[in-house]
Amino acid sequence: TSEPAPSSTATDTTDATTSDDSLQVVTTFLPITYFTEAVAGDRATVTQLLPLNVDPHDYQAKPNDVQRLADADVLVENGLELESFLDSLIDNAANAELVVIDSSEGIPVLPTEEGAHDHASEEASDKTSDKASDEASHDHDSHDHDSHDDHDDHDSHEHDSHEHSEASHDHDHGIHDPHLWLDPQKAIQQVENIRDGLIAADPEGETIYTANAADYIADLEALDTKIREQLAPYAGKAFVTYHDFAEHFAHSYGLEVEYLVDIPEGSPTPTDVQRVVDTVKASNLQVLLTEPSQQGDAFGAIASDLDVYVSVFDSMESTGNQNPQPEDYISTLSKNSDNLARAFGEPPE
Amino acid sequence: MNISKTPVLSVDQLTVRRGQQLALQAVSFSLEAGTDVAIIGPNGAGKSTLVQSILGIVSREQGTVQLLGQPLSTKKALPAAVRHQVAYLPQNFLVDRRLPLTVTELVALGWDKLGIQLPWAKAKARKLAVQQALARVEASHLGRKFISELSGGETKRILLAYCLVRSRQLLILDEAPAGLDVRSEADFYQLLYELKAEQGWTILQVSHDLDMVRKHCDRVICLNRRLMCQGVPETALAPENLTATYGPEFVRYRHNRHAC
Amino acid sequence: MNISKTPVLSVDQLTVRRGQQLALQAVSFSLEAGTDVAIIGPNGAGKSTLVQSILGIVSREQGTVQLLGQPLSTKKALPAAVRHQVAYLPQNFLVDRRLPLTVTELVALGWDKLGIQLPWAKAKARKLAVQQALARVEASHLGRKFISELSGGETKRILLAYCLVRSRQLLILDEAPAGLDVRSEADFYQLLYELKAEQGWTILQVSHDLDMVRKHCDRVICLNRRLMCQGVPETALAPENLTATYGPEFVRYRHNRHAC
Amino acid sequence: MQDLSTALNLFTYPFMQRALIGGVLTGLTGGILGSFTVVRQLSFFSDALGHSALLGISLGVVFGLNPSLVVLPFALLFAVGVTYLIEKTDIWTDALLNIVYSSSLAISIIVLSLEGTYQTGINNLLFGDILGVLPGDLLISGLLLLLSSLFVGLTLRTQVLLTLNEDLAIARGIHVFAHRIAFMMLLSLVVATAISSLGVLLVGAFVVIPACAARLFSRNFSSYLILSAVLGAASAAAGIFFSALFNLPTGPSIVIAQLSLFLLATGKKQWLDS
Amino acid sequence: MQDLSTALNLFTYPFMQRALIGGVLTGLTGGILGSFTVVRQLSFFSDALGHSALLGISLGVVFGLNPSLVVLPFALLFAVGVTYLIEKTDIWTDALLNIVYSSSLAISIIVLSLEGTYQTGINNLLFGDILGVLPGDLLISGLLLLLSSLFVGLTLRTQVLLTLNEDLAIARGIHVFAHRIAFMMLLSLVVATAISSLGVLLVGAFVVIPACAARLFSRNFSSYLILSAVLGAASAAAGIFFSALFNLPTGPSIVIAQLSLFLLATGKKQWLDS
Ligand SMILES: Nc1ncnc2c1ncn2[C@@H]1O[C@H](COP(=O)(O)OP(=O)(O)OP(=O)(O)O)[C@@H](O)[C@H]1O
Ligand SMILES: Nc1ncnc2c1ncn2[C@@H]1O[C@H](COP(=O)(O)OP(=O)(O)OP(=O)(O)O)[C@@H](O)[C@H]1O
Ligand SMILES: [Mg+2]
Ligand SMILES: [Mg+2]
Ligand SMILES: [Zn+2]
């Protein structure tokens, strides 16, 4: 096509020439593309369905997307209802051969619990999430905000039609926080899921996929170790984001996360602001964190009142970078961790 | 008075409030079929209010109105039986200048019986009636113009065509000839005469032109918030009645005008 | 003609297009100071178009207009020098009925020099002038009403007060007396006479009332898309001129009207 | 730009055919109702309804009702309420719609913040997914087109007179308030139904833009009405085609097609006027 | 509901004090400009501008400009463009605003869907954060209030005549188009500046609702204008207070306060009329 589909494959030749010989893999959005590319390497052609700069909450389907799904062999999604536009796209593409890999399959998740912004009700939800999480990282009983993921999406933008039609609650919202990828431990499981899925779809590539995945997982383990060490001194401390999007991350590293509003377009009440102000004072925070695509200066007023800085925590749902590489995931999350450490007062190197 | 005939319109003890004041107080009168009746009175006397409250455009505080034997309620729309029997030409005709309605289409609206019907129902008869009505007010050349593109006098003529495009029993005119040129004004009175004499229409017109009223009308109603007098022109337009209606200095003015 | 005096208004070869047609073709005339000039002509003759194109409300296709010695351009607003010297009373006065403007406030707008000024500037003089103007058109009792709450004739009076609340050199009236009651109409002509004779205003009025024109005006301009004739009433209103302006059957109508 | 045959090839997919048919049907309906809507200064009705519907849905959620069952009754209630307010307050129609619009947004935010229920993104209703039109949606669109054509067709004269001048309408025995309510209810029905598949933005555009373009082109009311419907359908078709050809999101492409048409009409008017 | 002393205690925080001052200042400005905006059928101007501003920002980003530098020139251009279109097309003002609104949304989505632009959320501008008012914002609000008061105060007569009847205005030597543009530019300046801290919703409500409520209360134009400003300020203060007392989001609380005022005015009118 003359309008190249967003592709981050290093060897990105036109699909017309490669479509017959190599596996055509379509991914949904950025973190999934990182992971899939890391596993596929040169063995398959990986293209991302969404433009790089559009996060899944915002997506408007184009006619040609259907065709890309119709021509694809494999589709990799994050799952947990984040990519709500997919159902009708897949239906329309009518591609019986399409293999869909749900990268979140089988990964323990943090349940979202509606309401419950009051800190009183949190013990119960902590229990639930503790049981649900069987990963290495220990849990903190005092973990404050498991219960706040009553929105399943983040980041500054548009929270467009997530259809949580199969939500088991009587309320119309996702039951699980879908932002697994912000926790490297869960990212590893996603990579494993993708690896297994690709092997199933392309058994001949098994050795390549296994080797690639192992390399990447090693990197992720290293990243996890780095972050764990970096943040260990601050265990139990709270950090502040504009809205509530870092649950998985915080959970994994024994931190608490305080936030101003639960969803990006939520309007804070005076008490919300008061709570943040008081938290910053109590934890003696140096820095408040916003997302890179957050419009304007959301924390500006509070930051200047408290005389602290504003820094960034990137949730990686979209990027301005034209040619993202799997290593970007590592560096971005590492950067997030650095910023966080600085927020807790670590002196800059 | 002819007791055997039901009057075309009868208004009984009509009281109407506009804003804080009473614009009309206990006005009663009735119209005999086939007569041309003028309502006269000073500015703000309640003449327009009277005709509007008869038709239900302004709500009544008290009193009853009967049109062609049917009692009218201001809560409900005009009853089906009288709906097409009455035509009304308003004093001010405010329209949205951006509405793309042509003169022909406006006049055709006067012809339609506004029920449920196909848009092209009776297109031929309709077209013919519209053409005749436009010719009657000498406005055939205006047919394809938008109503927002007319001069003041042209608008008046078109409204007149709207009223008489279909035969009626009662024609209510609020200062219809104001804005017409001298020649059209004469045509207008001629037209009213024909409608009345040849087709038996009853006419209720608001007018400031006492000369014309004297000459053309069968009865006169003098109004100034209350009914000041009514009767044939000779008596109703007698100086003492006019003085009562328009105020004490009235006779001098009349004199002035007629010093020709 | 008096050559030494510059005319108050002079219109030269004015051509104006409205929609597809030319509403005015090559109309030229001029007004001497202190005269009362009538524009007459049938409906759609272009009378309103003429006054509107003089003031720049409708754009001109050709021709020039000079007001008090200042050339006017339709591209630009009226020059500052003449801005407060001319008042205009339109034929149709369309306002948004929801605008909360009172009669007093409307008339006061006529008094203001619309430049940059404090809202309370000269409040006293203004209030007095407004009161006087309202009294002059017998509308003092209407001062606190919203302009949307007036009857047709009341609106006309208020507009008149708006025009004469401050002294002017030129008063342009488009069918001002239409809608006034008999008594107010007489007052109106009396008022015009005073303004002209005592205060030296020049008056340009569009009128359909030939009797009044004959009696009150100094000059008459007969218009029917072109300038048909102009002159003192005796000559301009002669039967042959009227026939040329209004069409051949005109004389019969005149006869009809005067058979009193 | 894709090459033409690739683009045309897309139309062999049923989803494209459905989008095309759905777009054309809604274009016709929008054009027919829009010609009156615009004249009655109700241009922002769809936007106001769309944002109020959100409130309806959140209240529904609060009371444990199924959102899709709430929408239609809510829309009808909304129509009655707005007509009543317009009638009673005698405030500018667009201002009133704005008040309704801001207030419903504000109330829904507060309700949501109180209940802590999931925030159905405010913008959920803004963009629909015309590519996700289902066969059943087509049926509904068809029915609404039929209903609107019947309503406007059979009461055309009444509607025109009502729009022209209320006094004249009353003097002809038209029950103004009843007719206003009927029209508003029909409009809200159409808007509410279409919103779920097309989104507020597209529905609003379908109602307003073709009618305005038609206004600039037409020299009488009948041609205005017909042209409005035709332009609605044509711009939908053109927009979907462009969307396939240039690989752009479909909904916005339709709006752009409508806008182009409007600008064309403006240009033509400028050119004629000078 | 919190207890009163807790709520009052909130006002010892600087952010609450700034919110209060900012709200009152914007309420005054909105009321002053709003009284004319509403009469001129520009009620949806803020919404149209808000959504177009997004387009301006995305285009700015495409051309590598700093978004905050783009917004003001864009808003002024927008004002000129809209005034020009209203003048030239002679289409209903609200319909035109709707066209501008839908089209800018559609174009921005398309621009965003092209590659290489950075995603800014459509809705970012909808809800501002009155609690995030910076001391610098207060200065700007103060300046805008001053500017608006001066403009409206010093040209009051001209504005009123212009709003009343265009023909009369021309006959009095008023340059109608220039005055229209000036007013629109001022309005767009106020709206564009306020949007970033208050959000489109709140700005729109500040402009429309107090003016409509004032319209129902007042018996002449001067009281309409003054009351509109006063109600704007009072409802802002009341809204912020309620927000503290009942622990509700601040922006929506202000809108609710304004709405209550409007309904009160409606009720009073009903009661007087009967
Ligand atoms: N807005 C408009 N657009 C197009 N044509 C118009 C417009 N207004 C008036 N015309 C046409 O221009 C011509 C002159 O109109 P004008 O209003 O000047 O007439 P007039 O002499 O004032 O008539 P009247 O005595 O009825 O007031 C008429 O043919 C009329 O139809
Ligand atoms: N919409 C309104 N609201 C309040 N008062 C009104 C309204 N319309 C008219 N009035 C008042 O009601 C009274 C009667 O008005 P109406 O229009 O019936 O007078 P009219 O006899 O027709 O006068 P004209 O000869 O000037 O047409 C007047 O005092 C007028 O000010
Ligand atoms: Mg009257
Ligand atoms: Mg005229
Ligand atoms: Zn997210």
Side-chain angles (χ1 to χ4, degrees), chain D residues 37-44 46-47 85 88-103 105-110 113-114 121-123 126-127 201-202 204-205 207-209 211-213 215-216 246-249 251-256 258-259 262 265-266 269-270 273, chain E residues 37-39 41-44 46-47 85 88-103 105-110 112-114 121-123 126-127 201-202 204-205 207-209 211-213 215-216 246-249 251-256 258-259 262 265-266 269-270 273:
Chain D
T37 307
V38 164
V39 182
R40 294 180 186 179
Q41 317 250 297
L42 291 168
S43 295
F44 275 93
S46 333
D47 301 87
L85 270 180
K88 288 299 167 188
T89 59
D90 199 23
I91 281 289
W92 303 263
T93 308
D94 62 331
L96 200 86
L97 288 177
N98 191 287
I99 294 179
V100 171
Y101 165 98
S102 325
S103 309
L105 266 178
I107 297 176
S108 27
I109 296 164
I110 288 189
S113 85
L114 282 181
I122 299 297
N123 254 3
L126 192 55
F127 306 100
L201 174 68
L202 211 52
V207 170
V208 174
I209 311 185
C212 287
R215 170 64 190 88
L216 294 176
F246 297 100
N247 190 27
L248 298 171
S253 298
I254 296 178
V255 177
I256 303 297
Q258 291 166 333
L259 176 70
F262 176 75
T266 310
K269 186 167 178 298
Q270 285 308 301
D273 283 0
Chain E
T37 307
V38 165
V39 183
Q41 315 250 294
L42 291 167
S43 295
F44 275 93
S46 333
D47 301 86
L85 270 180
K88 288 300 166 190
T89 59
D90 199 23
I91 280 288
W92 301 264
T93 307
D94 62 330
L96 200 86
L97 288 177
N98 191 286
I99 295 179
V100 171
Y101 166 97
S102 326
S103 308
L105 264 179
I107 297 177
S108 20
I109 295 167
I110 288 189
L112 291 175
S113 82
L114 301 175
I122 303 285
N123 246 6
L126 189 55
F127 304 99
L201 174 68
L202 211 50
V207 169
V208 175
I209 309 185
C212 287
R215 170 64 191 88
L216 294 177
F246 297 100
N247 191 27
L248 297 172
S253 299
I254 295 179
V255 177
I256 302 298
Q258 292 167 332
L259 176 69
F262 175 75
T266 310
K269 187 169 177 296
Q270 286 308 302
D273 284 0

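Computed from a predicted structure; not experimentally measured.
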inquiry  = Can you tell me which of Thr266(D), Ile91(D), Leu42(D) forms the most heavy-atom pairs within a distance under 4.5 Å of chain E?
reply    = Ile91(D)
ask   = Which heavy atom in Val255(D) sits nearest to a heavy atom in Ser102(E), and how many Å separate them?
value = CG1-O, 3.8 Å
remark   = Closest non-hydrogen atoms of Leu216(D) and Thr89(E), given as atom of the first, atom of the second and distance, are CD2-O, 3.5 Å
query = Which heavy atom of Ala95(D) sits nearest a heavy atom of Val208(E), and at what distance?
reply = O-CG1, 3.7 Å
task = Could you tell me which portion of Val39(D) (side chain, backbone, both or neither) has an atom closer than 4.5 angstrom to a non-hydrogen atom of chain E?
result = both
ask   = Side chain, backbone, both or neither: which part of Ser253(D) has a heavy atom under 4.5 Å from chain E?
value = both
Over all atoms of both residues, closest heavy-atom pair of Phe262(D) and Leu96(E) = CZ-CD1, 3.8 Å
inquiry  = Tell me which of these, Ser46(E), Ala265(E), Gly204(E), Ser103(E), has more heavy-atom pairs under 4.5 Å with chain D than the rest.
reply    = Ser103(E)
ask   = What residue in Leu97(D), Val207(D), Ile254(D), Ile99(D) has the most heavy-atom pairs under 4.5 Å with chain E?
value = Ile99(D)
task = Write down the atom of Ala106(E), the atom of Ile256(D), and the distance for their closest heavy-atom approach.
result = CB-CD1, 4.0 Å
task = Could you tell me whether the side chain of Asp47(E) reaches within less than 4.5 Å of the side chain of Asn98(D), counting heavy atoms only?
result = yes
query = According to the interplanar angle, ranging from 0 to 90°, do the rings of Phe44(E) and Phe44(D) count as parallel (below 30°), tilted (30 to 60°) or perpendicular (above 60°)?
reply = parallel
request  = Would you indicate whether the side-chain heavy atoms of Trp92(E) and Asp94(D) approach each other to under 4.5 Å?
outcome  = no
